[in-house]
S.K.: 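I'd like to ask you about the structure that follows.
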Amino acid sequence: MPEKVHTYFSESEGEKIQKETLEKEEKAVASTVLKEEKKKNKKKKQQGKTEDSELKDGFLQVKTDSGDSHKNKKRKREEIVDRDTTDGASAHVGSKHVNGKVGKSNGDIQKEGDVKTKKSQQGDTRRHKNFKQQPSIASQTNFNSLRERAKFLYETRKKLPIFASAEEIRSNMRKNDVMLLIGETGSGKSTQIPQFLVDEAWCKPVDRVITQEDGTTKTVSVGGCIAITQPRRVAAISLARRVAEEMGTPLGSSSPASKVGYSVRFDTSTSPSTRVKFLTEGMLLQEMLHDPWLTKYSAIIVDEVHERGVNVDLVMGFLRNLVSGKREGRGGVPLKAVVMSATADMESLQGFFSEGLNTQEKEQAQEKAAGVSVCHIKGRQFPVKTIYSPEPVHDFVDAALKVIFQIHYKEPMPGDILVFLTGQETVEALEYLVNDYATGMDPALPKVLVLPLFAALPQAAQQRVFLPAPPRTRKIILATNIAETSVTVSGVRYVVDCGKAKIKQFRTRLGLDSLLVKPISKSAAIQRKGRAGREAPGQCYRLYTEKDYLALDETNTPEILRCDLSQALLNMKARGVDDILNFPFLTRPPREALEKALLQLLNIQALEETGQISSIGLHMAKLPLTPTLGRVLLAAVENGPDCLRDVIDIISCLSVENIFLNTTSEEKKEEAEVARRDLYRREGDHLTMLATVQAYAAENTDRKAWATRHMVSHRAMQSVMDVRKQLTTQCRQAKLLPHPDDKTASRSSGSTAPSPILILQSFLAGFATNTARIVPDGSYRTVVGNQTVAIHPSSVLFGKKVEAIMYNEFVFTNRSYARGVSAVQMDWVGQALARQE
DNA sequence: AATCGGACC
C-alpha cells in the first residue's frame with residue numbers, strides 16, 4: 001500500500017518530512033483530546049522543519065517578528081485560541097502548495113482557508129520564539145525582511161485574476177464615486193482592491209472647515225483611510241494580516257508605522273498611520289454612531305454583500321445616503337464606495353445607488369456627477385461536476401449514507417467528502433449510520449473517518465476536521481451550513497448536499513422566532529458545490545432532482561426580512577434617521593414589521609411618543625446588546641450597583657451561545673444533572689446563569705477544568721467574560737457603576753446579595769411581553785396573545801409548574817418553546833406591563 | 001409532545 005501514501009504528496013523534501021509525520025501519526029491514533037493535543041504539538045515542530053526546509057524554495061517562509069509582544073494579555077489569549085482553531089489548516093499547507101505546483105498558483109487568497117494558514121504560521125513562529133528564548137531584539141520590527149516578503153508576495157499577487165484589472169478599477173474610481181464589483185471566489189478582490197486604491201490622489205487626507213451642530217466651525221482632517229467591511233471577525237483579522245504582509249508593513253498596533261489594521265469586537269489593532277482597515281460590519285455601524293460622516297475614510301469597501309446579513313443592509317443604506325448627500329459633515333469631500341459581491345445579482349444594486357444619485361444631484365446637473373461603474377472579475381475555481389438524484393429523496397440522511405459509500409467505493413483516494421446537513425440531530429444520526437455501516441466494510445478498502453462539524457461542537461472536536469486524514473483513510477465531514485461560509489476544510493473533493501438548511505424567521509405578528517428546515521437557494525447550492533473545487537476538480541452530489549434545483553429561489557432571503565428589526569431601527573434612530581419608512585433599504589421590510597419594531601422600542605422607552613429617540617434609547621444603542629437586554633441593564637441601574645453587576649453577569653450569558661454543553665443522550669443528561677447540581681437555581685435559568693458566572697469567575701486555578709467538570713462550555717464562558725468586562729467598562733464610563741478603586745461603593749462584605757426578586761424585576765422591564773401564565777391543564781399561555789408555549793427542555797424549569805414564567809426567547813421548532821426561563825409572579829408582570837402603558 | 005442553522009456590536 002505504500003503507493004497510496006505516495007500519491008498523496010509529491011516529491012519535495014519538505015513534503016517528505018510531512019508525509020513521515022503523518023505516518024507516525026497513524027501509529028498513534030489518538031482517541032482522547034489530551035492525546036490529540038500532544039500530537040498537535042509534535043506535528044507543529046515538524047511543521048516548523050517543513051517550513052525551514054522550504055525557505056529557499058520560497059513557498060513558505062517563517063515570518064520574522066512583527067512585534068506582537070506589545071499586545072495585551074487578553075489579546076494573546078484570543079490569538080492562541082484562534083491559532084488552535086485553525087491549527088489543522090497548517091497541516092494542509094504542504095498539499096495545498098503541491099497543488100499549486102502542478103496546476104494552480106499558490107497565490108490566490110481565499111479568506112477563510114488560505115489566509116488562516118498564514119495565521120497558523122505566525123502561531124508557529126511565536127512558538128519557535130518561545131522555544132528558542134530569543135533576545136529582546138526580536139521584538140523590533142524588521143522592515144527589511146517585511147519588504148523582502150512583500151516583494152516575494154508581489155509575484156504571486158500578479159497572477160491573481162483581478163490583477164489585470166487594476167488600472168481599470170483605479171480609473172473607474174477616479175471617474176465615479178461608486179463601483180460595483182462582482183468577483184467570484186478566488187479572484188483576489190478582498191486583498192487587492194484596497195491596495196489598488198490606497199495610493200490614489202483622492203485617498204489622501206485633506207483639511208476642511210466644517211460647521212458643527214452648534215453653529216461653530218472647526219477644521220477637520222477628512223479621509224485618508226480605506227475601510228473594508230467583512231461579515232465575520234476571523235475574515236477581517238486574517239485579511240488584514242495578509243494585506244499587511246503584501247504591503248510590507250507591520251500589522252495594526254504592533255508599530256506606529258503600520259499601514260494596515262483591523263477592528264473587530266474585543267480586538268482592535270490599528271496605528272496612527274493606518275490607511276487600510278478591515279472591520280466587521282457591526283464595528284463600522286458602531287463607529288458610525290460616533291462619527292456619522294465617516295470622516296476618517298476616503299472610501300468604504302463593502303465585501304460579501306451577497307450574504308445579506310442585516311448589518312450589511314444597514315451599512316448599504318447609510319452609505320447610499322453618504323455618497324449622494326451634500327456631504328456637509330465631510331466638508332464636501334466625497335466618500336467613495338466599492339460594493340463587492342460574489343454573485344451577479346447586482347442590477348438591483350446599481351439601481352439602488354444611481355437612484356439616490358439622480359434625485360440628489362439633479363439640481364447640480366453636472367455631467368461629471370458621480371455615476372456607478374460595474375466591474376466583473378472571473379474567479380478561479382476547479383470544475384465541479386454536478387450529479388443530481390434521479391428521484392425525489394424522502395429521507396436525506398438515508399440517501400446521504402448511500403451516496404457516501406458509493407463515492408467511497410468508486411472514487412480514488414485522496415478526496416475527502418463534505419456532507420451538508422441541517423443540524424446537530426441529523427449530523428449525529430448520520431455519524432452513527434456511517435460508522436455502523438463501515439464496520440462491515442471490506443477491510444481491503446480505505447478506511448473512513450467520520451467527523452461531525454457544527455458550531456455548538458466543542459473547540460477540540462471542531463479542530464479534528466482540520467487534521468489530515470491518516471493514510472488510507474477518507475475523511476467524511478458531516479457539517480451544518482457552518483461549512484458554507486465560516487469554515488473551510490481543505491482536502492475536500494466531494495460534496496454531498498441535502499439541499500436544505502435550518503433558517504430562522506421572525507414572525508412579526510406573533511413576536512415569535514421560528515427555526516425550520518427549508519430548501520436552500522440556488523446561490524447557497526452553488527456555494528456548497530464550490531466547496532468541492534477549491535484544490536482540484538471535484539463532484540457535487542445533490543440529494544434532490546434537477547427539477548427541484550431549478551425551482552429553488554435564486555438567492556438567500558436577506559436577513560433583514562427574517563429578523564426582529566428593533567435593534568436595526570434603534571441603530572438607525574441613534575444615527576439620526578428620523579423617517580424609518582423612507583430609509584433607503586436595499587430590501588424594504590414590510591411596513592408591518594417596521595411598525596411592530598417601532599412599537600416594541602416605544603414599549604421599552606427607547607423612543608419618545610413622537611418617535612424621536614429617547615435618552616434611554618440613545619444609551620441602549622451604544623450598548624452591544626439587543627434593545628431588550630439593554631433596557632434590562634438600564635433598569636438594573638435603578639436597583640443599585642450590586643443588582644447591576646449581577647444583571648450584567650446574566651446578560652453576558654444571554655448574549656452568547658449556550659453556556660451549557662448540549663446533553664443529547666439520557667445518560668449525559670443525568671451526568672449533567674449531577675455535575676451542575678451546585679449551579680442550578682430553582683428560580684430558573686437566569687439565576688442559574690448568575691451562579692455559573694460567579695463560580696467560574698471565582699475559580700482562580702483552572703477554569704478550563706472547572707468548566708469540563710461542570711459540563712459547561714469553556715469557550716462560551718470565555719466569551720461571557722469578555723462581554724462582562726466590556727459591559728462593566730462601559731457602565732463605569734457612563735458612571736452607572738462606581739470605579740473599582742472607589743472603596744465606599746464596592747460591595748460591602750456585610751450586606752446580603754441582591755435579592756433574586758430585584759434581578760428578575762429588572763428583567764421584566766425588557767421582557768414584560770415575554771411572559772406566560774399557567775392554565776388549569778398545566779400548560780402555559782402567553783400573557784400577551786394567549787398562545788400556548790412550553791418550557792424548552794434545556795431549561796432548568798423544564799417540567800416544572802410555576803405561577804408564571806418570563807423568558808428570553810420564544811421559538812417555534814416543532815412546537816412553541818420558551819428558552820431562558822425564570823419563574824416570576826403575576827403581579828410583577830402586571831406592574832411591568834402597566835409601566836409600558 | 002423530550003431540544004437551535006450561522007454570524008455580529
Side-chain angles (χ1 to χ4, degrees), chain A residues 112 229-236 263-268 279-290 304 307-315 420-428 453-457 479-487 498 500-505 513-518 520 524 527 556 559 562-563 567-568 570-571 574 620-627 629-630 655-658 660-666 668-669 672 719 722-723 726-727 730 778-779 788-795 798-799 808-820:
Chain A
E112 325 281 350
T229 70
Q230 291 294 320
R232 282 169 294 280
R233 302 167 39 119
V234 273
S263 181
V264 304
R265 189 180 185 186
F266 307 126
D267 188 0
T268 291
L279 31 59
T280 49
E281 293 150 0
M283 214 60 189
L284 186 70
L285 290 175
Q286 206 64 29
E287 284 191 8
M288 290 178 95
L289 285 180
H290 299 103
E304 312 283 20
E307 292 192 21
R308 295 299 302 275
V310 61
N311 284 344
V312 89
D313 279 26
L314 289 187
V315 166
F420 283 100
L421 299 162
T422 54
Q424 183 175 355
E425 198 182 342
T426 49
V427 165
E428 287 174 349
L453 179 65
F454 45 90
L457 202 67
T480 60
N481 41 11
I482 191 174
E484 239 173 64
T485 50
S486 305
V487 170
C498 75
K500 302 215 168 354
K502 280 187 182 170
I503 292 166
K504 209 172 212 176
Q505 172 89 43
D513 257 324
S514 62
L515 187 68
L516 301 174
V517 174
K518 294 204 160 153
I520 59 174
Q527 175 74 17
N556 294 346
E559 197 185 4
R562 298 189 288 108
C563 72
Q567 193 166 10
L570 182 64
N571 190 298
M620 283 162 49
K622 287 176 183 160
L623 292 167
L625 297 169
T626 59
L629 285 175
S655 62
V656 308
E657 48 168 327
N658 198 357
F660 294 111
L661 293 173
N662 280 356
T663 50
T664 38
S665 67
E666 203 53 42
K668 278 248 174 171
K669 197 181 160 102
S719 314
D722 283 338
V723 178
Q726 190 185 21
L727 293 176
Q730 247 174 295
S779 67
T788 304
V789 59
I791 296 174
H792 195 270
S794 64
S795 171
F798 177 67
N808 191 47
E809 227 182 339
F810 185 29
V811 234
F812 186 90
T813 48
N814 37 31
R815 60 185 299 195
S816 293
Y817 283 114
R819 299 184 79 236

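Residue numbers begin at 1 in each chain, while the letters A, B, ... track the order of the sequences.
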S.K.: Need one value for Gln424(A): base, sugar-phosphate or nothing, where a base atom within 4.0 Å counts as base even if backbone is also close, heavy atoms only.
M.R.: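 If one applies the 4.0 Å heavy-atom cut-off, Gln424(A) turns out to touch the sugar-phosphate alone, with no base involved.
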S.K.: Let me know, please, whether His792(A) or Asn311(A) comes out on the 5' side of the other along DNA chain B by nearest nucleotide.
M.R.: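 Closer to the 5' end of DNA chain B: His792(A).
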S.K.: Is Leu515(A) touching bases, backbone alone, or none of the nucleic acid, heavy atoms closer than 4.0 Å?
M.R.: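 Base, at least one base atom sits under 4.0 Å.
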S.K.: Just to be sure I understand the rule, does Ser655(A) reach a base, reach only the sugar-phosphate, or reach nothing, if contact means heavy atoms closer than 4.0 Å?
M.R.: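 Ser655(A): no heavy atom of the nucleic acid under 4.0 Å.
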S.K.: What residues form a ring-ring contact (aromatic ring centres under 6.0 Å, His included) with Phe454(A), not counting sequence neighbours?
M.R.: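 If we apply the ring-ring contact (aromatic ring centres under 6.0 Å, His included) test to Phe454(A), skipping adjacent residues, there are no hits.
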S.K.: Could you check whether Glu559(A) gets within reach of a base, just the sugar-phosphate, or nothing at all, counting any heavy atom under 4.0 Å?
M.R.: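 Since a base atom lies under 4.0 Å of Glu559(A), the category is base.
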S.K.: Taking any atom under 4.0 angstrom from a heavy atom of chain A, which nucleotides of DNA chain B are the first and last to qualify, 5' to 3'?
M.R.: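 First-to-last contact on DNA chain B, by the 4.0 Å heavy-atom rule, is dA1(B) to dC9(B).
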S.K.: Could you tell me which residues satisfy salt bridge (Lys or Arg N to Asp or Glu O under 4.0 Å) with Glu287(A), sequence neighbours excluded, listed by chain and number?
M.R.: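 Glu287(A) satisfies salt bridge (Lys or Arg N to Asp or Glu O under 4.0 Å) with Lys277(A), Lys296(A) only.
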S.K.: With sugar-phosphate meaning primed atoms plus P, OP1 and OP2, does Gln567(A) contact a base, only sugar-phosphate, or nothing at under 4.0 Å between heavy atoms?
M.R.: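 Base contact - Gln567(A) has a heavy atom under 4.0 Å of at least one base atom.
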S.K.: Describe the nucleic acid contact of Phe798(A) in one word from base, sugar-phosphate, nothing, applying a heavy-atom distance below 4.0 Å.
M.R.: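 Answer is base: heavy atoms of Phe798(A) come under 4.0 Å of a base.
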S.K.: For Gly423(A), which contact category applies under a 4.0 Å heavy-atom criterion: base, sugar-phosphate, or nothing?
M.R.: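 Sugar-phosphate, no base atom in range.
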S.K.: Hey, which of Gln230(A), Met283(A), Arg233(A) is the one that makes side-chain contact (heavy atoms from CB on, under 4.5 Å) with Val264(A)?
M.R.: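 Output: one option passes, namely Arg233(A).
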S.K.: Checking the side chain of Ser514(A) only, and the main-chain atoms of Gln505(A) only, is there a donor and an acceptor separated by less than 3.5 Å?
M.R.: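 Indeed, once roles are kept as given, a pair shorter than 3.5 Å links the two residues.
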S.K.: Partners of Arg562(A) by salt bridge (Lys or Arg N to Asp or Glu O under 4.0 Å), sequence neighbours excluded?
M.R.: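 Checked Arg562(A) against salt bridge (Lys or Arg N to Asp or Glu O under 4.0 Å); zero matches.
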S.K.: How would you list, by chain and number, every residue that makes a side chain to side chain donor-acceptor pair (under 3.5 Å) with Gln726(A), sequence neighbours excluded?
M.R.: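 By the side chain to side chain donor-acceptor pair (under 3.5 Å) rule, Gln726(A) matches Arg265(A).
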S.K.: Looking at every strand, decide which applies to Ala501(A) at a 4.0 Å heavy-atom threshold: base, sugar-phosphate, or nothing.
M.R.: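 Contact class for Ala501(A): none.
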S.K.: Tell me what Val264(A) touches on the nucleic acid: a base, only sugar-phosphate, or nothing, going by heavy atoms under 4.0 Å.
M.R.: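 The residue Val264(A) makes sugar-phosphate contact but no base contact.
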S.K.: Who pairs with Asp313(A) by side chain to side chain contact (heavy atoms under 4.5 Å, CB included), at least two apart in sequence or on another chain?
M.R.: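 Result, side chain to side chain contact (heavy atoms under 4.5 Å, CB included) vs Asp313(A): Arg308(A), Pro558(A), Ile560(A), Leu586(A).
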S.K.: Reading DNA chain B from 5' onward, which residue's closest nucleotide shows up sooner: Arg819(A) or Glu281(A)?
M.R.: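 Mapping each residue to its closest nucleotide by heavy atoms, the 5'-most match is Arg819(A).
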